[in-house]
Trainee: 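Quick one: this structure, given as C-alpha cells, is what I'll be asking you about.
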Amino acid sequence: MNFWRKNTDNFNVLTKDEPFFFLVKNEKGVKGERTILGTATFERFETLTVADAWDKYRNANGDEIKESFITRMNDMFGTDTSTAKIGCIILSNFQRFDNPVYLSEVGIEFKNSVVSGKGVKETEANSILEYGFAKLQNTLRKLKELNTIGFTEDDESFPEGKPMLKLHLIRERNTKVIKLAKERFLKLHGKLFCEVCGFDFEAR
C-alpha cells in the first residue's frame with residue numbers, strides 16, 4: 001500500500017522490514033489520547049507524481065478509482081495536482097490490531113501536539129505489537145489448551161485444529177478430531193453419509 005503524504009522530504013526514520021504503526025487522528029475538537037489501530041511493514045520511500053502514484057499502485061493508494069484519488073490530491077494541495085509530487089511510504093502486510101493501543105498504557109510518552117510521527121525503540125515496538133494483538137494471543141492460547149483436552153460424549157463441537165499464523169490466521173484441519181467424529185458417527189449409524197442431504201460416499 002502507498003501511505004502517501006504531501007511532504008516529499010526523504011523518509012529515513014525506518015529501514016526495510018521495520019514496523020510502521022498507524023496512530024489515528026482525533027475527531028475535530030476531541031483532545032483525548034490518540035490510539036494506534038494497526039501496523040504494517042515498511043518497504044521503502046519514493047517520490048512520485050500523483051499520476052505515477054496511481055499508475056504504479058492503483059487502489060493501494062486508498063481509492064478504488066483514479067478520479068477519487070485525484071480529487072483527494074487536489075483537495076490536499078488546494079490546486080490541480082497533474083504535475084505535483086507526493087511522498088510515498090510503501091508498506092506491506094497491513095494488520096488491524098485486536099485492541100486499540102494507547103501509548104501511555106505501554107509506557108511510551110507521546111504528546112498530542114506531535115503531528116509527523118515518532119520513532120520508538122525495539123522493546124517499545126514489541127510492547128505495542130504484544131498489546132495490540134493480545135486478543136489473538138489469548139485465542140491462540142485457548143486453542144492450544146483445547147487441543148490437549150480429551151473429548152467426552154457431551155461434547156457438541158470440536159476445534160478445527162491448531163492455528164497457523166501467516167499473513168492471516170487460518171485453521172489447519174485437526175485429523176484427530178476428524179477421525180474421532182467419523183468413529184462416533186459410524187458407531188451411531190453403522191455407515192458414513194452426509195447428515196444434510198443423505199449422500200452415501202461408500203455407495204457412490
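Here the structure is a predicted model, which means the values were calculated and not measured.
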Trainee: Do Phe69 and Val50 have side-chain heavy atoms sitting under 4.5 Å apart?
Mentor: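 They are in contact (side-chain heavy atoms under 4.5 Å apart), so the answer is yes.
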Trainee: Are side-chain heavy atoms of Asn10 and Phe45 found at a separation under 4.5 Å?
Mentor: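 Side chain of Asn10 against side chain of Phe45, heavy atoms only: contact under 4.5 Å found.
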Trainee: Locate the shortest heavy-atom distance separating Lys16 from Glu43; write the atom from each residue and the value.
Mentor: NZ-OE1, 2.5 Å
Trainee: Spell out, yes or no, whether Phe22 and Leu14 are grouped together once hydrophobic residues are joined by side-chain heavy atoms under 4.5 Å, including indirect joins.
Mentor: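 Yes, Phe22 connects to Leu14 through the hydrophobic network.
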Trainee: Keeping the roles fixed (side chain from Thr81, backbone from Ala84), state whether a donor-acceptor pair exists under 3.5 Å.
Mentor: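 Not a single qualifying donor-acceptor pair exists.
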Trainee: Kindly compute the distance separating OG1 (Thr47) from CG (Asp52), expressed to the nearest 0.5 Å.
Mentor: 11.5 Å
Trainee: Compare all side-chain heavy atoms of Arg72 with those of Met76 and state whether any distance is below 4.5 angstrom.
Mentor: no
Trainee: Grab the two heavy atoms, one from Arg96 and one from Phe133, that are nearest each other, plus how far apart they are.
Mentor: O-CE2, 3.8 Å
Trainee: Linking I/L/V/M/F/W/Y whenever their side-chain heavy atoms sit closer than 4.5 Å, directly or via other members, would Phe97 and Val24 fall into one cluster?
Mentor: no
Trainee: For Ile89 and Phe42: C-alpha separation, side-chain torsions, deciding distance, then whether side chain to side chain contact (heavy atoms under 4.5 Å, CB included) applies.
Mentor: CA-CA 8 Å; Ile89 300 172; Phe42 178 74; 3.8 Å; yes
Trainee: Report, as yes or no, whether the 6.0 Å neighbourhood of atom CD on Glu27 holds more than 12 heavy atoms from other residues, nucleotides or ligands.
Mentor: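 Not more than 12 within 6.0 Å, no.
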Trainee: State, yes or no, whether a side-chain contact exists between Leu192 and Leu186 at a heavy-atom distance under 4.5 Å.
Mentor: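 Of all side-chain heavy-atom pairs linking Leu186 with Leu192, at least one is under 4.5 Å.
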Trainee: Please lay out, stage by stage, how Phe199 and Phe193 fare under the test ring pair (Phe, Tyr, Trp, His ring centres under 6.0 Å).
Mentor: CA-CA 5 Å; Phe199 182 87; Phe193 60 87; over 10 Å; no
Trainee: Ignoring hydrogens and geometry, is there a side-chain-to-backbone donor-acceptor pair from Arg5 to Asn7 under 3.5 Å?
Mentor: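 Yes: the side chain of Arg5 pairs with the backbone of Asn7.
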Trainee: Answer whether the closest heavy-atom distance between the side chains of Arg204 and Asp200 falls below 4.5 Å.
Mentor: no
Trainee: Please say yes or no: joined through hydrophobic side-chain contacts below 4.5 Å, possibly via intermediate residues, are Leu23 and Leu37 part of one cluster?
Mentor: no
Trainee: Is Trp4 reaching over with its side chain to a backbone N or O of Asn61, donor-acceptor style, under 3.5 angstrom?
Mentor: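 It does hold such a pair.
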Trainee: Is there a side-chain contact between Tyr57 and Leu48 in this structure, where contact means two heavy atoms from C-beta onward sitting under 4.5 Å apart?
Mentor: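 In contact.
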Trainee: Heavy atoms, side chains only, cut-off 4.5 Å: are Met1 and Ser92 in contact?
Mentor: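 Contact flag for Met1/Ser92 side chains = no.
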Trainee: Mind listing the closest non-hydrogen atom pair of Trp54 and Ile65 along with its distance?
Mentor: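 Where Trp54 meets Ile65 most closely, the heavy atoms are CH2-C, 3.4 Å.
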Trainee: Is there a donor-acceptor pair under 3.5 Å between the side chain of Ser127 and the backbone N or O of Thr123?
Mentor: yes
Trainee: Apply side-chain hydrogen bond (donor to acceptor under 3.5 Å, both in side chains) to residues Asn74 and Thr71 and explain how you reach the verdict.
Mentor: CA-CA 5 Å; Asn74 290 345; Thr71 298; 5.6 Å; no
Trainee: Without swapping roles, check the side chain of Gln95 against the backbone of Ala40 for a donor-acceptor pair under 3.5 Å.
Mentor: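 Between the backbone of Ala40 and the side chain of Gln95 there is no qualifying donor-acceptor contact (under 3.5 Å).
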Trainee: Taking the six-membered ring for Trp, are Tyr131 and Tyr102 closer than 6.0 Å centroid to centroid?
Mentor: no
Trainee: Check whether any side-chain heavy atom of Phe94 sits under 4.5 Å from a side-chain heavy atom of Thr39, and report yes or no.
Mentor: no
Trainee: Could you go through the side chain to side chain contact (heavy atoms under 4.5 Å, CB included) check for Ile36 and Leu103 one step at a time?
Mentor: CA-CA 8 Å; Ile36 296 178; Leu103 291 177; 3.4 Å; yes
Trainee: With distance as the sole test, does Glu46 use its side chain to make a donor-acceptor pair with the main-chain N or O of Gly87 at under 3.5 Å?
Mentor: no
Trainee: Which atom pair, heavy atoms only, marks the closest approach of Asn2 to Ile90?
Mentor: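 Between these two residues, the closest heavy atoms are OD1-CD1, 3.8 Å.
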Trainee: Got a sec, which residues hit side-chain hydrogen bond (donor to acceptor under 3.5 Å, both in side chains) with Lys121, two or more places apart in sequence or on another chain?
Mentor: none
Trainee: Quickly, which of Glu67, Lys66, Met73 forms a side chain to side chain contact (heavy atoms under 4.5 Å, CB included) with Ile70? Name it, please.
Mentor: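 Answer after filtering Glu67, Lys66, Met73: Lys66.
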Trainee: Could you label the plane-to-plane angle of the Phe3 and Phe20 rings as parallel, tilted or perpendicular, counting under 30° as parallel and over 60° as perpendicular?
Mentor: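 Answer is perpendicular, since the angle exceeds 60°.
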Trainee: I'd like to know whether Ile108 forms a side chain to side chain contact (heavy atoms under 4.5 Å, CB included) with Val120, so could you lay out the CA-CA distance, the side-chain angles of the two residues, the decisive distance to 0.1 Å, and finally the verdict.
Mentor: CA-CA 8 Å; Ile108 300 173; Val120 292; 4.2 Å; yes
